[in-house]
Amino acid sequence: MTTESTTDSVQSRGKGLNVLLGLTLIGLMVALWIALSFATDAFMSERNISNLARQGSMIAILAIGETFVILTAGIDLSVGAVAGFTSVIVAILINADATVVGGVLTTLGMSTTGGLADTLLGIYDAFAVIATLGVGVCVGLFHAFGIVRMGLPPFIMTLATMQILRGAGFLTTQSTSIQILGGDNSAFNSFAAADFLGIPSLFWVVIIVGIPSYVLLHQTRWGRYIFAVGSNPEAARLSGVNTKGIIYLIYALCSMCAALVGIMLATRLHIGDASQAQGWELQAIASTVIGGTSLFGAVGSAYGPILGAFILATIANGANLLHMNAFWQYIITGILIILIVYFDGLKRAKR
Amino acid sequence: MSTSALKSAATPATEAAFDGPILELHKLEKRYTGTHALKPADLAFETGEIHAIVGENGAGKSTLIKLLTGVTPRTSGEIIWKGKATGLSTPHEAIELGINAVHQEVLMCPHLSVAANIFLGDEATSYGLLKHRDMVRAAQKILDDLGFVLPANAELSSLTIGQQQLIATARAATRGTQFLIFDEPTAYLTRKEAAQLFALIRRLKAQGVTIVYISHRLEEVFELADRVSVLRDGQLVGTRRTAETNEAELIGLMIARTLDQIYHKEHMAFGETLLETRALSGQGFHDISISVRAGEIVGLYGLIGAGRSEFVTSVYGRHPHKSGEILWEGKPVTIRRERDAMNLGIALSPESRRDQGLCLNLPVGLNINLPIYQRLTRYFTLDNGGEARAANQQISDLRIKTSGRGAQALSLSGGNQQKIVIAKWLNHGAKLFIFDEPTVGVDVGTKAEIYRLLAKLLANGAGIILISSYLPEVYELADTLHVFRNGGIVGSHPFKGGSHEAILTEAIGV
């Protein structure tokens, strides 16, 4: 009985540290919001808040994916390139919808307009989105293959695919952007601007990705395995964990998140453009680190990177509203990373 | 700094005219939040003596080393160096005084040469450029003088752990050290290397260096030390001349209870054969044919690197074998990966806790439950209550000293970390338990607990393969003892068959 009680108190203390970091980050974000709402009139406007939610969403999703990888002491430098490349892929697939559906209907001798055609177009577009996510999964599996089978360091492997995918994207588009057809009111093109229950649709995507990620990481055995692989892969392996399988899983998840961001970009900008999301991999890594993830692996959470991403988005948004030179946000981000990691390290050393 | 390093090399501790105790502790005390790591201790180290310190894990030995080497600040009390009170608050200050330590785990640069490691931080230069050849020559001279047959220009990582330890010792010896602390130096050494190390220690003593020697192996203490101090629960409980004491008294001081028998051995009736290997060969071992029955402890004895661990990890599916056959309960089986072995009912507690056994920066509970998470899963998510129960059960059954299952594994002492490695397999359950060096760096009390546990496993119908480089352990416990040398079995003995000398001779192969 006594063991029970001491155990529980310590358990909550251990969790308390994570919660503490989470609260610090929320506190920081709220402080920024309060300061900005006093400093500018525009900040608290509905338009700006929903704009902020949209801006932060894409980096947040990249950061969630990146967190899976960093928890195993790996890194994925390709997420920005994957997002750019998949925006091209989804644009090509969506633009082919009328041709494909029309072709099918004509062959069957049916009308290419009307209710049936619209339904088929909707199904086709959904298929286009899923296929694009599949492209992301394939990229991730290729990363894991290079790391597990060819023995390449994650840094090198993903640096290489970052180059390859940018190149492939530019070759496909002849270094221009692909306009997504169907006009501003098509289901695909209007998604990013839409709201649902008063919340921007892009932020809903964060929720839809965030909750399963939280469950996977903190409430399932695969989550435990991810932490174990990050802490000591040999010990995990000797305990019966399929460590290679875990590596395949996390890189596939990370690249799938990146492909999702590529799709979000495409619906927001109505173009597929291989040059998009340049440098976003670094913003994603920064969000992850600000969110309390250790680059040495096995330390981190699913919600930390989301908070990190929205703190960075708030800084960028605030700098813009205050008419600061845009380059200041880079400097602020850098200083923030140093401070947060330093204080986090201090706290851990004290224990 | 430039050439002085070369000159001072191999002539340590030339001064030392002071004739009182070289180092005295007055009411030295260390508290961490929540624990009283070292209770006020008074102790005087005589100049030029070899002073052993023994005690269970967590008794305060490492705290004492940290205080003496300036790694952690003391809470109160005085440290008196050659009659003068000293601050000793940084490692640098300790080295300046001539206090140095050789740690159990070698802390050097594996990709640099032996010579570069010996002179690290004290390189010989001319006009800012390194004098490579001079340093290699000087380092070679040091090694030759010390009687180590090792090349000075070899990359450090190409050496065995034991050899690296000898290099670390040589390095400390060349730095004008007057007070040298050894922390469990022989844990990873072969007998020959240990003999070389002892020779070096005696040589340093002859040169007037004071040695503090920390070890779990009492026979080493009697072989080497002039005096021995015993720590228990952070308290210095006594100092004896080794000539005037014996093992029984020291053990009595260490654990505060008379331990009539450390090696707890119960003879069981053997059941059916669990595992049989037929001429199994692979990387590092060849032609190994052994069998393990239920209720039996099969001991594998040999020097480090004799192929025992390679053999068992291969049986466990970690490394493939090249030829031969594995039979499980009489039927041929193929074990391709660790899961296959686990599903048959084989558990492996690996050689190195740190590298293979534990996820050190993760909670104790996660480590204990790692093999059974599949069982703790309901539908898709984890059963949190079951997770807590499984971990707490093992923590209380094995009396693992931890602040709770949420504590990081690295916050536990070595013996308790070892218990976690064992706990995770008790949790999982198995028919054949393989324990690879289960008592390295583990204190006497925990050792006895582990041996009792082995007996319990046997009583429940399991079989055990026990690997140890410590002969008394396998000698006293194994029902069948196989001696390994250079990857092959060179001798097999029934319980207590053959003398220590005979078995040792087989292992060394003289």
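Naming: A, B, ... by sequence-line order, numbering from 1 per chain. Because only heavy atoms are used, hydrogens play no part in the values below, and waters and symmetry mates are left out as well, while side chains stay in. Small disclaimer: the values here were computed from a predicted structure and weren't measured.
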Looking at B:R375, I want to see if its CZ is surrounded by more than 12 non-hydrogen atoms of other residues, nucleotides or ligands under 6.0 Å.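 Correct, the count exceeds 12.
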Please check if atom CZ in A:F142 has more than 12 non-hydrogen atoms from other residues, nucleotides or ligands closer than 6.0 Å. no
Between [X] and [Y], is any pair of side-chain heavy atoms under 4.5 Å apart?
| X | Y | answer |
| --- | --- | --- |
| B:R337 | A:N242 | yes |
| A:Y225 | B:L370 | yes |
| A:L238 | B:Y316 | yes |

Tell me, out of [options], who's got the most heavy-atom pairs with chain A below 4.5 Å.
| options | answer |
| --- | --- |
| B:L358, B:N343, B:D340 | B:L358 |
| B:R318, B:R339, B:Q374 | B:R318 |
| B:H428, B:E387, B:R378 | B:E387 |

Atom group of B:D355 that falls short of 4.5 Å from chain A, counting heavy atoms: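 It is the backbone, since no side chain atom gets that close.
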Can you tell me which portion of B:T377 sits under 4.5 Å from chain A's heavy atoms? Options are side chain, backbone, both or neither.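 Side chain only.
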Taking every heavy-atom pair that is under 4.5 Å apart, which of A:L216, A:N232, A:V215 has the most such pairs with chain B?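 That would be A:N232.
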B:L362 to A:A298 - nearest heavy-atom pair and separation: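 Residues B:L362 and A:A298, closest heavy atoms: CD2-O, 3.7 Å.
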So which atom in A:A228 and which in B:C359 form the shortest heavy-atom distance, rounded to 0.1 Å?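 So the two residues come closest at O-SG, 3.6 Å.
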Kindly compute the distance separating OG (A:S294) from CG (B:N361), expressed to the nearest 0.5 Å.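 Output value for this atom pair is 8.0 Å.
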